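Read the structure below first, then the notes.
Here is the naming used below: chain letters follow the sequence lines, and residue numbers restart at 1 for every chain. All of these numbers come straight from a predicted model, not from anything done at the bench.
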2 protein chains.
Amino acid sequence: MDQNPPRSPSVTVADVACKAGVSKATAARVLGGYGTVSDHVRDAVTAAARALDYQPNELARSMTTGRSGTIGVVVGDIENPFFSLAMRGITDVARQTGFTVILINSGEDAATEKSAIRTLLAKRVDGLIVSPAKESDADHLREAARSGRPLVLLDRGSETLDIDTVIADDRHAAEGITRRLIALGHRRIAYITACDTPEHRFRTPADINTGSVRRRIEGFLDVCLEAGLEDMEDWVHVGAVTPEHTHRIATVMLKSSRRPTAVIASDSVIGLEVFKVCRELGLTIPNDLSLVSFHDADWTSVTTPPVTVVRQPVYGLGEAAAKLLVERLNGNTAKATRVVLKTEVVERASVAAAPT
Amino acid sequence: MDQNPPRSPSVTVADVACKAGVSKATAARVLGGYGTVSDHVRDAVTAAARALDYQPNELARSMTTGRSGTIGVVVGDIENPFFSLAMRGITDVARQTGFTVILINSGEDAATEKSAIRTLLAKRVDGLIVSPAKESDADHLREAARSGRPLVLLDRGSETLDIDTVIADDRHAAEGITRRLIALGHRRIAYITACDTPEHRFRTPADINTGSVRRRIEGFLDVCLEAGLEDMEDWVHVGAVTPEHTHRIATVMLKSSRRPTAVIASDSVIGLEVFKVCRELGLTIPNDLSLVSFHDADWTSVTTPPVTVVRQPVYGLGEAAAKLLVERLNGNTAKATRVVLKTEVVERASVAAAPT
DNA sequence: TCTCACATTGAGACCGGTCTCAAATTAAAA
DNA sequence: TTTTAATTTGAGACCGGTCTCAATGTGAGA
């Protein structure tokens, strides 16, 4: 009696209209929730739709309306807790505002990022949130922005680009912790980042393609200079792209006769690895080495000693980016803004006076 | 001279065809890469497309082909390292095979999950990967499976459902660590999970709606029973849904006069919280309490002592699910399979003999 | 030179919705 | 009761691709 309805050829508005005995246009009005229809007809169409188990085709709808109800997100690595938390912020806002999220991992590779954006644009996303791997060649970003679909840059993005951006006040945070370390007597302070340069060596902040990191290093170097410390560029280590790389870099650095008395890790993955190397090398924190890490990862409070971190509003970063994007989607055409969220230093026990 | 081309009305095959002086059909053949065209015409169309900066509309293409090149993924919480790592596995496979991923967070809520699946189906995803929050009412899963679009269940999924599933051998892992704890003299062994029951109390594994966790608890209880330990159901704690909840549960449990001598944490977030509570309460691991956690989170090797964990092939779980789905998409119509990946116990220093 | 198979092209239907416009119906105003 | 305005409805174009089918052109074989 109640045999399974044939699923393959999905039911369309036309089918519903036919069953309800009205025109396609009228059925579409009821199903699409637009225009005006009499109560009598509405009931009939609704009943027919239910009977046929009508499922709207969002694709067809997007086709005519031009809006897909989708936002595209390109991040470096969703596996990184930083991005997964930011992603949570984005998806939460998206869900609340009725959008759906397409996620693409760039693997921090500029070429992949480029094709990702092209793919998303082809899929007609309504807007984009991108955490650009490299800022040097940003043509694809400009192009995306020019395509008419709003674009928001997340955590990164250079000052020269006239594009909406949401970042944390990394520079200020770096200045703060650097000052603190110097006040405690540290003179040999290392900074380790995943960002790499062509020669795998650091010369000047301009080498750094990632805005957030560049700003931190600028802050670090400026405060050092203020305090009379020179050539601190030599203490900046780049290329800690994987835990293995970090391990190698940290080991060489900490085994050196002129090893640093303090280390600033540019993210929690690096911080964790430095912590491990210290243990391997028998260095005690904070007596032999002070450690500060960016990103308040969950584990940082539970080590011995717990590590002092820069707490970034990561969820808020994603949330703000998504909100800004949705505003644009709703027609806000004010000129590009730059949202800067506050960071906070969480003092724990991995920082102490420099050994004498 | 080279003024910006008007972007708003995007260029279509018709525009390109017109410029190239051929019919729409022919231009579409070149642009879409199907049918046969003469070299002469191909060059003309390609040139016209380049001149006009033609960008194909993937939406329109999906409309007629019926394939969107998209797979939908529904997970409990992308912020959880477990899911973010699995997600990495999924996106990697998707990219390699030319698919794009739409991500929706269910927040482990059955209703949200239901509407998420509906949304994805409406957007005409080619296939679905879902990590179902509850297995009790799986009507929406059956419906999705019946819609003709392939569905793969990730990490969870009951035996009764005739749907492709990728899981880890949780039961085996739980049996192993329980045996080990019992062999070390532990008799009071607690199991803490985020899964909740209506009465917030545990009676029988059938109460547990999440397959992976249910299988673990079954393994745990079976081994206990084998060893002659009875009423171990009382030692299973449910409802550790947030760190705050976990903190409360662990505190009450560990302050009790008949406190456990060993704890099994069902995921790394819970494990971390138990670790914190021990520290607050002045309990030393492993002398006062042995701790084992599921999920080899990065921090577990760096605490004092490092914690013994069950290493699940999380990335592999996502990878396998995506590969299975892609196979289905390519026409594999064999009957539903169940992929079970091996786990591995990583012995560290948080487990010792039970205090006498 | 004529026939036939095959390669190339164009016209137009189609996917499943939205939306414009005019016709038909109904209610309100004169 | 007639005029005018407002409300409902249907017919059909449209979005931007794909794809079928028939028409045309070309070279090989008879």
Side-chain angles (χ1 to χ4, degrees), chain A residues 7-46 48-49 52-70 119 121-126 147-148, chain B residues 7-46 48-49 52-70 119 121-126 147-148:
Chain A
R7 294 271 176 171
S8 314
S10 57
V11 299
T12 70
V13 278
D15 299 328
V16 175
C18 182
K19 170 138 189 148
V22 298
S23 76
K24 184 184 154 197
T26 304
R29 272 188 270 261
V30 177
L31 268 15
Y34 57 89
T36 63
V37 208
S38 68
D39 292 351
H40 170 249
V41 170
R42 167 170 291 109
D43 293 346
V45 172
T46 310
L52 261 34
D53 189 27
Y54 167 76
Q55 303 281 57
N57 184 333
E58 217 46 68
L59 244 44
R61 187 168 291 171
S62 308
M63 181 90 255
T64 41
T65 59
R67 308 194 95 207
S68 63
T70 306
T119 302
L121 251 24
K123 290 210 183 281
R124 294 300 191 262
V125 293
D126 291 335
S147 80
Chain B
R7 294 272 176 171
S8 313
S10 57
V11 300
T12 71
V13 279
D15 299 329
V16 175
C18 182
K19 169 136 189 151
V22 298
S23 76
K24 184 185 153 196
T26 303
R29 273 188 269 261
V30 177
L31 268 15
Y34 57 90
T36 63
V37 208
S38 68
D39 292 351
H40 171 249
V41 169
R42 167 169 293 110
D43 292 348
V45 172
T46 310
L52 261 35
D53 189 28
Y54 167 76
Q55 304 280 58
N57 184 334
E58 220 43 73
L59 243 44
R61 186 168 291 172
S62 309
M63 181 89 257
T64 42
T65 59
R67 307 195 95 206
S68 63
T70 307
T119 302
L121 252 23
K123 290 208 184 281
R124 294 298 191 263
V125 293
D126 291 334
S147 80

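- Taking atom NZ of residue A:Lys24 and atom P of nucleotide C:dC15, one finds them 10 Å apart after rounding to whole Å.
- Across all strands, B:Thr36 comes closer than 4.0 Å to base atoms (heavy-atom distances).
- Nearest heavy atom pair, residue A:Arg61 against residue A:Pro56, reads NH2-CB, 3.8 Å.
- Listed nucleotides: C:dG10, D:dT9, D:dG17. Nearest to the side chain of A:Val41: D:dT9.
- Atom NZ of A:Lys123 is separated from atom C1' of D:dG17 by 14 Å (rounded to the nearest Å).
- OP1 or OP2 of D:dT9 sits under 4.0 Å from a side-chain N or O of A:Ser38.
- Nearest nucleotide to the side chain of A:Thr64, out of D:dC14, D:dG10, D:dG17: D:dC14.
- Of the candidate nucleotides D:dG16, D:dT18, C:dG17, D:dG16 has the atom lying nearest to any side-chain atom of B:Ser10.
- When side chains are defined from C-beta on, A:Val30 counts as touching A:Thr46, because their heavy atoms get closer than 4.5 Å.
- Minimum atom distance to the side chain of A:Thr26 is reached by D:dG10, of the listed D:dT18, D:dG10, C:dG10.
- Without hydrogens or angle criteria, A:Asp15 side chain to A:Thr12 main chain gives a donor-acceptor distance under 3.5 Å.
- Summarising the geometry, the separation between CG on B:Leu31 and C1' on D:dG16 is reported as 11 Å, rounded to the nearest angstrom.
- For B:Tyr34, no side-chain nitrogen or oxygen approaches OP1 or OP2 of D:dC19 to under 4.0 Å.
- B:Ser62 and A:Leu59 get closest at one heavy-atom pair: CB-CD2, 3.5 Å.
- Regarding B:Arg61, its CZ atom lies at a distance of 21 Å from the P atom of C:dG17, rounded to whole Å.
- Checking B:Ala14 against A:Gly21, the closest nucleotide of DNA chain D that is more toward the 5' end is the one next to A:Gly21.
- A straight line from CZ of B:Arg67 to C1' of D:dT18 spans 15 Å, rounded to a whole angstrom.
- Taking the side chain of B:Asn57 as heavy atoms from C-beta on, and the options D:dG16, C:dG17, D:dC19, the nearest nucleotide is D:dG16.
- Here the P atom of nucleotide D:dT7 and the CG atom of A:Asp39 are 14 Å apart, to the nearest Å.
- In this structure, the CZ atom of B:Arg124 is 13 Å from the P atom of C:dC15, given to the nearest Å.
- The OG1 atom of A:Thr65 sits 8.0 Å away from atom CD of A:Glu58, with the distance rounded to the nearest 0.5 Å.
- Where B:His40 and A:Ala28 each meet DNA chain C at their nearest nucleotide, the meeting point lying more 5' is that of B:His40.
- If you check D:dG16, C:dG16, D:dT20 against the side chain of B:Arg29, the one that comes closest is D:dT20.
- B:Leu59 has its CG atom 15 Å from the C1' atom of D:dC14, to the nearest Å.
- The two atoms that bring B:Leu52 and B:Lys19 nearest to each other are CD1-CD, 3.4 Å, heavy atoms only.
- One finds a side-chain N or O of B:Ser23 lying less than 4.0 angstrom from the OP1 or OP2 phosphate oxygen of C:dG10.
- Of the candidate nucleotides C:dG16, D:dT9, D:dG10, D:dT9 has the atom lying nearest to any side-chain atom of A:Val37.
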